[in-house]
**Student:** 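A single structure is presented below for examination.
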Amino acid sequence: MASDVQIITILIILFTFAASLIIRRRRPLPMRAISAYDVLPDLANESIEASRPLHIGLGGAELGSENTMLALVAAEAAYYAIQPATISDAPPIVTTSETSTIPLAVDTLRRAYASRGMIDAYRGTSARWYPAGPRALAYSGALTTLPADDHISSHVLVGEYGVELALVLASASRRGLTTIATSNSLTGQAVAYAMADHALLGDELFGGAAYLGKLPHLSNRNVTIDLLRWVLIVIIVLLMAYNLAQQFGS
Amino acid sequence: MDLSQVSAVLGFVFTLLIFSYLLGDNVLYRLSISVFVGLAAAFTAIVTFESVILPLLQSVTEYGEAVFLLIAALLAFMLLFKPLRGASGLTNLALAVLIGVGAAVAVFGAVTGTLIPLTTSTAESTQTEGIIEGFIIFLGVASSLIYFQYTARRRPGGIATRGSITRMIAFVGETFVMLTLGAVYGAAILSSLVVLVDRLDYIVAFIANIVGGG
Amino acid sequence: MRVRFGFALYTAVVVVFGILTLAGLLVGDGSAFGEVGVLLAPLSDISSRFIQLVVVVIALTLVIGIFNLLSVHVVRLVRGPGTGARLNSLVLLVSFLLALVAYQASTEYNLLLENVQVQIELALAALICFALVYGAFRLLRNRVTWGGLVFLVGMLIILIGALPLSQLEPLQQVTDWLTRVPLSAGARGILLGIALATLVTGVRVIIGQDRTYGNQSSVE
């Protein structure tokens, strides 16, 4: 790594550290509506009323890699989706295609049950691993069988997906299931937008806790992300002005 | 019939079973998927064992390496017992190691792999793409970033919406974002079309081979 | 009290491993820091050791995956929600074990199973085309919004631009320009947003402000 890039990287990270420490609001800030987060609690009710399990897919989000944060925020969204559904006769199902994410899936399920004082109702088979297989098709293929085999009520697909997400969403649409989908890849987001009932685009998955958790301090992450957006825009403007000055100066 | 012929017939049969999904979700399709998942799991296990675990075990030649491997095995072993209630506290420690190291790798990767290169290339776009194109690229990047802004203002009536200027910029951002996602979707259709044509070609060739007595 | 101690301990582990790994990655070989660099260089060794450790742990979690696959499908085989689910679990377990046995037995059998896997994979990949076209049709029917319309325009630009017709050559130039300028801008905007969110979330996890594991959800 070139030394100037190294110094810039350090400065960016130090700035983010400082911003995260400084932004400590005790009252939640109002946030724009995101339909997927409005609908998510209703999916639990659907599951309870129909006595059919809710499915949450974490896809290829993996702990320990560059996808770690994606896995964590996906598990966060899963927690808020599962928590109200724990009283359903049909326990929710969490799937992943990464073996390192299985403990996180188990942890998320256990916390959701424990938060309702129902840890005894937790079943070990609720967290499932399906291998990704070539082009992640084994995992998505397995998800297409869940509506018929496990009679799931809806899909919440939050994690890493590519074009294979289309198979899962088409099968869900065929059965009339409600779907929420997102991905960290452009292809996954494009498929989610076209085919899911509610899609989370861009970085919307990362801001989920503030929408679903309803605790004041949870919005601090979103406020910090918003601050950095504007800082980044200002930096691009300054760099562009500098480049233009050089371009026309020479 | 030798093994390669058995393999070809099985491949053809499974292709038809998967395609039967087009007529409706059916038992045969789901059975084929179960076969696929089982095989994929086995191959994942074999590949991971052959290419990662076995070389690791073979590379242990000194005391330090053995201790290192033992610690890794201990952490993995702790994670294995996550479903057990009594061991849950202990396994969280192993999870914390994965999260701590993973968070650092993710932060470093986001800054050096995306933030710095894309910011630099956007700022240089007036030089690389031309003045007008450069400004359009800047407009697209900035408005797309603002399109996803979370914070808003509480309006009378309790509804949270963004200010009128932010909404205007966000509208431009939405146009850039949706145009991009649409194009990505179109490209995905094109590449999947290539695979579909290849599969139809395979089916026709297989049938022609049988009919032709090959 | 036990929960609080555990909570503090898990956070401490995340913070220590996170900060040491990040510091090591940032310092590199220390050459950018002049004379102080020599003192900082060991951080890089610690960081790469931690990353190696995690890579090995991830590989070893394969055992967890296999254990999960077998336990879930054995239970489903015995107490599955229906005959179809039981049958599918049985087929999955049999094909998994058969593949392992075949691998042990000979490479030829391995080839046979591998071929079957490849054929199913390609057939599924081909099915994606139908799913995507269905998705586009569904969008056209259901989502008459500005975003939906622009999305369809973006899709059509790429699809029409790919047609191998000489009359469409001027359109090809427009497609190239669109790909180079507005489409690239939109993609950069989305990717920069995700990178910023990853950075902020990661930093907050490393300094212990966001905790999304263990016995408490998110704290500050």
Side-chain angles (χ1 to χ4, degrees), chain A residues 1 5 8-9 12-13 29-33 63-69 72 100 103-104 106-107 110 119 124 130-131 133-134 138 141-142 144-145 147-149 163 171 174-175 186-187 189-191 193-194 201-204 207 210 222-223 225-226 229 232-233 235-236 239-240 243-244 247, chain B residues 25 30 33-34 36-37 40-41 44 79 82-83 85 88 91-92 94-95 98-99 101-103 105-113 115-116 119-120 122-124 126-127 134 138 141-142 144-154 159-162 177-178 180-182 184-185 188 191-192:
Chain A
M1 187 166 50
V5 176
I8 293 168
T9 308
I12 292 170
I13 291 171
L29 263 179
M31 279 179 284
R32 71 182 166 96
L63 276 190
S65 72
E66 287 197 1
N67 269 340
T68 303
M69 299 334 298
L72 286 183
S100 68
L104 184 69
V106 172
D107 179 67
R110 287 179 58 88
I119 192 69
Y130 290 110
T144 62
T145 65
D149 284 354
V163 71
S171 80
R174 203 175 231 185
R175 296 229 170 212
L186 288 178
T187 312
Q189 293 201 3
V191 173
Y193 179 77
L201 302 179
D203 54 275
E204 286 175 342
N222 300 27
V223 175
I225 294 171
D226 280 353
R229 271 185 231 281
L232 182 65
I233 292 168
I235 288 172
I236 296 175
L239 285 174
M240 273 185 102
N243 283 334
L244 280 171
Q247 204 174 334
Chain B
D25 191 354
R30 291 198 295 276
I33 292 292
S34 297
F36 184 38
V37 175
T44 306
L79 288 171
K82 185 74 198 163
R85 201 191 305 178
S88 167
T91 57
N92 278 344
L95 205 56
L98 287 190
I99 290 171
V101 175
V105 171
V107 164
F108 187 75
V111 177
T112 58
L115 265 181
I116 294 178
T119 305
T120 323
T122 304
E124 287 168 355
T126 48
Q127 287 163 313
F138 166 72
V141 171
S144 303
L145 281 168
I146 292 166
Y147 172 58
F148 292 112
Q149 182 177 308
Y150 299 106
T151 43
R153 285 185 203 153
R154 180 88 52 207
I159 302 164
T161 52
R162 296 181 286 194
V177 167
M178 291 308 162
T180 305
L181 292 182
V184 170
Y185 195 83
S191 47
S192 64

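Chain letters run A, B, ... following the sequence lines, proteins first, then strands; residues in each count from 1. Since we're looking at a predicted model, the values are computed, not measured.
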**Student:** Measuring heavy-atom distances to chain B, does A:Val191 have an atom under 4.5 Å in its side chain, in its backbone, in both, or in neither?
**Tutor:** both
**Student:** State the CG-CG distance between A:Asp107 and B:Asn92, to the nearest 0.5 angstrom.
**Tutor:** 5.5 Å
**Student:** Which one of A:Ala210, A:Gly141, A:Gly133 has the most heavy-atom pairs closer than 4.5 Å to chain B?
**Tutor:**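 The candidate making the most pairs under 4.5 Å is A:Gly141.
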**Student:** Do side-chain atoms of A:Gln189 reach the backbone of A:Gly202 as a donor and acceptor pair under 3.5 angstrom?
**Tutor:** yes
**Student:** Top residue by heavy-atom pair count (under 4.5 Å) with chain A, among B:Val107, B:Thr119, B:Thr120, B:Thr44?
**Tutor:**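 Among the listed options, the one with the most contacts to chain A is B:Thr119.
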**Student:** Which region of A:Ile13, side chain (C-beta onward) or backbone (N, CA, C, O), has a non-hydrogen atom less than 4.5 Å from a non-hydrogen atom of chain B, or is it both or neither?
**Tutor:** side chain
**Student:** So what's closer than 4.5 Å to chain B heavy atoms on A:Leu232: side chain, backbone, both or neither?
**Tutor:**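 For A:Leu232, the contact with chain B is made by the side chain alone.
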**Student:** Chain B: which of A:Ile233, A:Thr145, A:Asn222, A:Asp226 shares the most heavy-atom pairs with it under 4.5 Å?
**Tutor:** A:Asp226
**Student:** Quick one: what part of A:Thr187 sits under 4.5 Å from any heavy atom of chain B, side chain, backbone, both or neither?
**Tutor:** both
**Student:** Between B:Glu124 and A:Asn243, what is the shortest heavy-atom contact and its length?
**Tutor:** CG-ND2, 3.6 Å
**Student:** Testing the basics here: between B:Tyr150 and A:Gly207, what is the closest heavy-atom pair and its distance to 0.1 Å?
**Tutor:** OH-N, 3.4 Å
**Student:** Looking at every non-hydrogen atom in both residues, tell me the closest pair between B:Phe148 and A:Arg229 and how far apart they are.
**Tutor:** O-NH2, 3.0 Å
**Student:** Where do B:Ala123 and A:Leu239 come nearest, in terms of heavy atoms and distance?
**Tutor:**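 Heavy-atom minimum between the residues: CB-CB, 3.4 Å.
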**Student:** If we define contacts as heavy-atom pairs under 4.5 Å, which of B:Val111, B:Val105, B:Leu115 has the most with chain A?
**Tutor:** B:Val111
**Student:** Check whether A:Asp203 gets within reach of chain B through its side chain, its backbone, both or neither, counting any heavy atom under 4.5 Å.
**Tutor:** both
**Student:** With a 4.5 angstrom heavy-atom cut-off, could you sort out which part of A:Ile12 is near chain B: side chain, backbone, both or neither?
**Tutor:**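 Just the side chain, heavy atoms under 4.5 Å.
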**Student:** Taking side chain as everything from C-beta outward and backbone as N, CA, C, O, which of these in B:Arg153 sits under 4.5 Å from a heavy atom of chain A? Side chain, backbone, both or neither.
**Tutor:** backbone
**Student:** What I'd like to find out is whether the side chain of A:Pro134 reaches to under 4.5 Å of the side chain of B:Phe36, using heavy atoms alone.
**Tutor:**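 The answer is yes; the side chains approach within 4.5 Å.
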**Student:** Specify the closest pair of heavy atoms between A:Ala148 and B:Asp25, including all atoms of both residues, with the distance to one decimal.
**Tutor:** CB-OD2, 4.0 Å
**Student:** Does any backbone or side-chain atom of A:Arg32 lie under 4.5 Å from a heavy atom of chain B? Answer side chain, backbone, both or neither.
**Tutor:**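 For A:Arg32, the contact with chain B is made by backbone and side chain together.
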**Student:** Which bit of B:Leu145 is near chain A, if near means a heavy-atom gap under 4.5 Å: side chain, backbone, both or neither?
**Tutor:** both
**Student:** Chain B: which of A:Leu201, A:Ile235, A:Ile8 shares the most heavy-atom pairs with it under 4.5 Å?
**Tutor:**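 Greatest number of close heavy-atom pairs with chain B: A:Leu201.
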**Student:** Counting heavy-atom pairs under 4.5 Å to chain A, which of B:Val177, B:Thr126, B:Ile159, B:Thr180 comes out on top?
**Tutor:** B:Thr126
**Student:** If you take all heavy atoms of A:Met240 and B:Phe138, which pair is closest and at what distance?
**Tutor:**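 The answer is SD-CB, 3.6 Å.
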**Student:** Under 4.5 Å from any heavy atom of chain A, what part of B:Thr122 do you find: side chain, backbone, both or neither?
**Tutor:**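 For B:Thr122, heavy atoms of backbone and side chain both lie under 4.5 Å from chain A.
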**Student:** Quick one: of A:Ala190, A:Gly64, A:Ser171, who has the most non-hydrogen atom pairs under 4.5 Å with chain B?
**Tutor:**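 With the most close heavy-atom pairs to chain B, the winner is A:Ala190.
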**Student:** Rounded to the nearest 0.5 Å, how far apart are CZ of B:Arg162 and CE of A:Met31?
**Tutor:** 12.5 Å
**Student:** Side chain to side chain contact (heavy atoms under 4.5 Å, CB included), that's the test. Do B:Val101 and A:Thr68 meet it? Break it down for me.
**Tutor:** CA-CA 9 Å; B:Val101 175; A:Thr68 303; over 6 Å; no
